[in-house]
Amino acid sequence: MRVISYNLRKHAARGELEQLVDTHTPNLLCLQEVDTDDLPRELGPLHLADATKLNRLGLAIFYNRERFEALSTKAFALKRSLHDIIAKPAHERLLGTHLIDREHDRELVIGCFHAAPLTALNSLRRTQIRAAHEALDSFGSTLPTLMVGDFNYPVFKDHLSTSVQETGHEVTLSDARTYTRYKFFRGHFDFATSIGLDITKVTTLPQGQSDHLPILVTAKYDKPVVNAETPR
């Protein structure tokens with residue numbers, strides 16, 4: 001499967017989405033910092049599964065209806081940073097969708113994630129990532145799960161990988177830097193965590209109007225199908 005994740009920088013890169021989908025033919029598209037009041041229901045072959053409701057600049061997930069059937073979608077609030085408390089921006093920092101993959105007769109969970117900004121500590125972002133994984137488990141704790149997005153995690157990735165691996169997930173970085181706005185915070189901000197999937201590669205796509213570069217995640221199932229767990 002092919003999944004694009006893109007932080008639109010306060011919706012500035014909205015005009016690139018149709019061309020991005022047409023050029024790279026993703027099966028799934030996960031967006032951050034998108035104006036949820038200005039979203040189409042369709043982007044080429046992709047259909048809007050859902051978007052966050054409580055913040056104008058939020059998250060959205062699109063999926064290919066020929067490949068997938070969306071069973072349910074839910075937004076989750078995560079532990080807030082000081083920035084969240086003072087500025088009151090997006091407190092829904094995770095959007096999850098439970099899908100049926102028709103091509104492989106499998107269930108799958110996809111998460112679109114946006115961590116606390118750089119003013120917060122890495123320890124808070126690790127807490128948010130762990131909580132996000134637990135939230136996505138609510139769709140079915142044995143299901144293959146892919147979470148992509150803006151992790152706002154510029155340094156000390158080894159510590160992050162160790163923390164994530166404690167819950168059975170893996171961190172896969174992109175093949176090039178995805179954030180270029182600040183000299184001292186350039187790095188791999190946008191990447192993937194997964195469980196039950198083999199991430200073949202994470203390709204950084206050309207930069208557009210956003211300060212983030214989109215990424216294209218290529219993944220496949222790493223185990224034969226087992227009896228699927230009924231969502232709780």
Side-chain angles (χ1 to χ4, degrees), residues 1-11 13-14 17 20-21 26-43 46-65 67-81 84 88-101 107-117 125 127-141 143-153 169 189-195 197 210 212 214-217 219 231-232:
M1 74 188 76
R2 295 163 58 83
V3 184
I4 285 180
S5 175
Y6 194 13
N7 181 319
L8 300 186
R9 189 177 66 85
K10 299 180 180 179
H11 208 59
R14 161 65 183 90
L17 295 180
L20 195 66
V21 170
N27 311 117
L28 295 153
L29 173 67
C30 296
L31 302 175
Q32 306 89 43
E33 290 195 25
V34 60
D35 184 345
T36 55
D37 294 331
D38 184 35
L39 273 180
R41 300 294 298 177
E42 315 289 336
L43 278 171
L46 304 184
H47 178 74
L48 178 66
D50 207 352
T52 50
K53 304 293 195 298
L54 300 181
N55 41 278
R56 185 181 66 84
L57 288 173
L59 310 171
I61 296 176
F62 288 80
Y63 68 101
N64 187 314
R65 283 200 284 191
R67 169 79 181 261
F68 297 104
E69 174 187 356
L71 299 179
S72 62
T73 301
K74 184 177 180 181
F76 300 90
L78 304 176
K79 185 176 181 179
R80 296 188 297 170
S81 67
D84 292 329
K88 297 182 179 179
H91 78 281
E92 292 176 321
R93 291 193 170 275
L94 174 68
L95 184 67
T97 299
H98 180 192
L99 301 158
I100 295 289
D101 185 341
E107 293 182 64
L108 170 73
V109 177
I110 182 77
C112 182
F113 174 73
H114 191 185
R125 282 185 281 273
T127 297
Q128 290 181 327
I129 293 166
R130 183 182 292 266
H133 290 156
E134 292 174 353
L136 295 176
D137 280 349
S138 66
F139 291 109
S141 60
L143 298 179
T145 300
L146 175 67
M147 186 170 80
V148 297
D150 175 8
F151 287 76
N152 275 324
Y153 209 103
H169 295 75
F189 279 41
D190 308 83
F191 49 88
T193 67
S194 61
I195 189 168
L197 294 164
S210 176
H212 289 256
I215 59 171
L216 173 62
V217 180
R232 296 193 291 267

A.B. asks: Test His98 against Leu136 for side chain to side chain contact (heavy atoms under 4.5 Å, CB included), laying out the working first.
C.D. replies: CA-CA 9 Å; His98 180 192; Leu136 295 176; over 6 Å; no

A.B. asks: Do the non-hydrogen side-chain atoms of Leu59 and Val34 ever get within less than 4.5 Å of each other?
C.D. replies: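 No - every pair of side-chain heavy atoms lies 4.5 Å or more apart.
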
A.B. asks: In this structure, is the centre-to-centre distance between the rings of Tyr63 and His47 below 6.0 Å?
C.D. replies: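 Yes, ring centres under 6.0 Å apart.
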
A.B. asks: Atom OG in Ser5, atom CG in Leu31: separation rounded to 0.5 Å?
C.D. replies: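 It comes to 8.0 Å.
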
A.B. asks: Does the pair Phe151 and Ile129 meet the rule for a side chain to side chain contact (heavy atoms under 4.5 Å, CB included), with working shown?
C.D. replies: CA-CA 8 Å; Phe151 287 76; Ile129 293 166; 3.6 Å; yes

A.B. asks: Give, for atom NE2 of His212 and atom CG of Asn7, the distance between the pair rounded to the nearest 0.5 Å.
C.D. replies: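 One gets 4.0 Å once the value is rounded to the nearest 0.5 Å.
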
A.B. asks: Working to the nearest 0.5 angstrom, can you tell me the gap between Leu108 CG and Asp101 CG?
C.D. replies: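 CG of Asp101 is found 6.5 Å from CG of Leu108.
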
A.B. asks: Under the criterion side chain to side chain contact (heavy atoms under 4.5 Å, CB included), I'd like the reasoning laid out for Leu99 against Glu107: C-alpha separation, chi angles, the key distance, then a yes or no.
C.D. replies: CA-CA 6 Å; Leu99 301 158; Glu107 293 182 64; over 6 Å; no

A.B. asks: To the nearest 0.5 angstrom, please state how far the OG1 atom of Thr52 sits from the CD atom of Gln32.
C.D. replies: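 Separation between the atoms: 10.5 Å.
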
A.B. asks: Please tell me if the side chains of Thr36 and Lys53 come closer than 4.5 Å, counting only heavy atoms from C-beta onward.
C.D. replies: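 No, their side chains stay 4.5 Å or more apart.
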
A.B. asks: So, Asp35 and Arg14, do they make that salt bridge, N to O below 4.0 Å?
C.D. replies: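 Not counted as a salt bridge, because no side-chain N and carboxylate O are separated by less than 4.0 Å.
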
A.B. asks: Does the pair Arg67 and Met1 meet the rule for a side chain to side chain contact (heavy atoms under 4.5 Å, CB included), with working shown?
C.D. replies: CA-CA 10 Å; Arg67 169 79 181 261; Met1 74 188 76; 3.8 Å; yes

A.B. asks: Under 4.0 Å between a Lys/Arg side-chain N and an Asp/Glu carboxylate O for Glu92 and Lys74?
C.D. replies: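 No, Glu92 and Lys74 are not salt-bridged.
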
A.B. asks: Using only heavy-atom distances, determine whether the side chains of Ser210 and Glu33 contain a donor-acceptor pair under 3.5 Å.
C.D. replies: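 No, Glu33 and Ser210 have no side-chain donor paired with an acceptor closer than 3.5 Å.
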
A.B. asks: Check whether any side-chain heavy atom of Val21 sits under 4.5 Å from a side-chain heavy atom of Pro26, and report yes or no.
C.D. replies: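 Counting from C-beta outward, Val21 and Pro26 do come under 4.5 Å.
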
A.B. asks: Is there a side-chain contact between Ile215 and Ile4, using heavy atoms and a 4.5 Å cut-off?
C.D. replies: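 Heavy-atom side-chain distance check fails, nothing below 4.5 Å.
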
A.B. asks: Examine Tyr153 together with Phe189 and report whether their ring centres are nearer than 6.0 Å.
C.D. replies: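 No.
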
A.B. asks: Tell me, do Leu48 and Leu39 make a side-chain contact under 4.5 Å, heavy atoms counted?
C.D. replies: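 Yes - at least one pair of side-chain heavy atoms lies under 4.5 Å apart.
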
A.B. asks: How far apart are the closest heavy atoms of Pro117 and Arg125, and which atoms are they?
C.D. replies: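 Looking at all heavy atoms of both residues, the shortest contact is O-NH1, 2.6 Å.
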
A.B. asks: If you look at every heavy atom in Leu146 and Leu197, which pair is closest and at what distance?
C.D. replies: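 In terms of heavy atoms, the two residues are closest at CB-CD1, 3.6 Å.
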
A.B. asks: To the nearest 0.5 Å, how far apart are OG1 in Thr97 and CD1 in Ile61?
C.D. replies: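 Answer rounded to 0.5 Å: 3.5 Å.
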
A.B. asks: Please report the closest heavy-atom contact between Leu78 and Ala131, naming both atoms and the distance.
C.D. replies: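 Leu78 and Ala131 have their closest heavy atoms at CD2-CB, 4.1 Å.
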
A.B. asks: To the nearest 0.5 Å, what is the distance between CZ on Arg9 and CG on Leu57?
C.D. replies: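 These two atoms lie 11.5 Å from each other.
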
A.B. asks: With the side chain counted from C-beta on, respond yes when Leu17 and Leu8 share a heavy-atom pair under 4.5 Å apart, and no when they do not.
C.D. replies: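 Yes, their side chains come closer than 4.5 Å.
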
A.B. asks: Gly96 and Phe76: which non-hydrogen atoms are nearest, and at how many Å?
C.D. replies: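 It is N-CE1, 4.4 Å.
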
A.B. asks: Using only heavy-atom distances, determine whether the side chains of Thr145 and His133 contain a donor-acceptor pair under 3.5 Å.
C.D. replies: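 Distance-only check fails for Thr145 and His133.
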
A.B. asks: Would you check if Asp150 and Phe113 make a side-chain contact, meaning some heavy-atom pair closer than 4.5 Å?
C.D. replies: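 A side-chain contact under 4.5 Å is absent here.
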
A.B. asks: For Cys112 and Ala60, work out which heavy atoms get closest and say how close.
C.D. replies: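 Scanning both residues, the minimum pair turns out to be SG-O, 4.0 Å.
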
A.B. asks: Less than 4.5 Å apart, side chain to side chain, heavy atoms only: is that true for Phe139 and Leu71?
C.D. replies: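 No; the side chains remain at least 4.5 Å from each other.
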
A.B. asks: Do you know the tightest heavy-atom contact between Asn152 and Ala115?
C.D. replies: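 Nearest heavy atoms, Asn152 then Ala115: ND2-O, 3.2 Å.
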
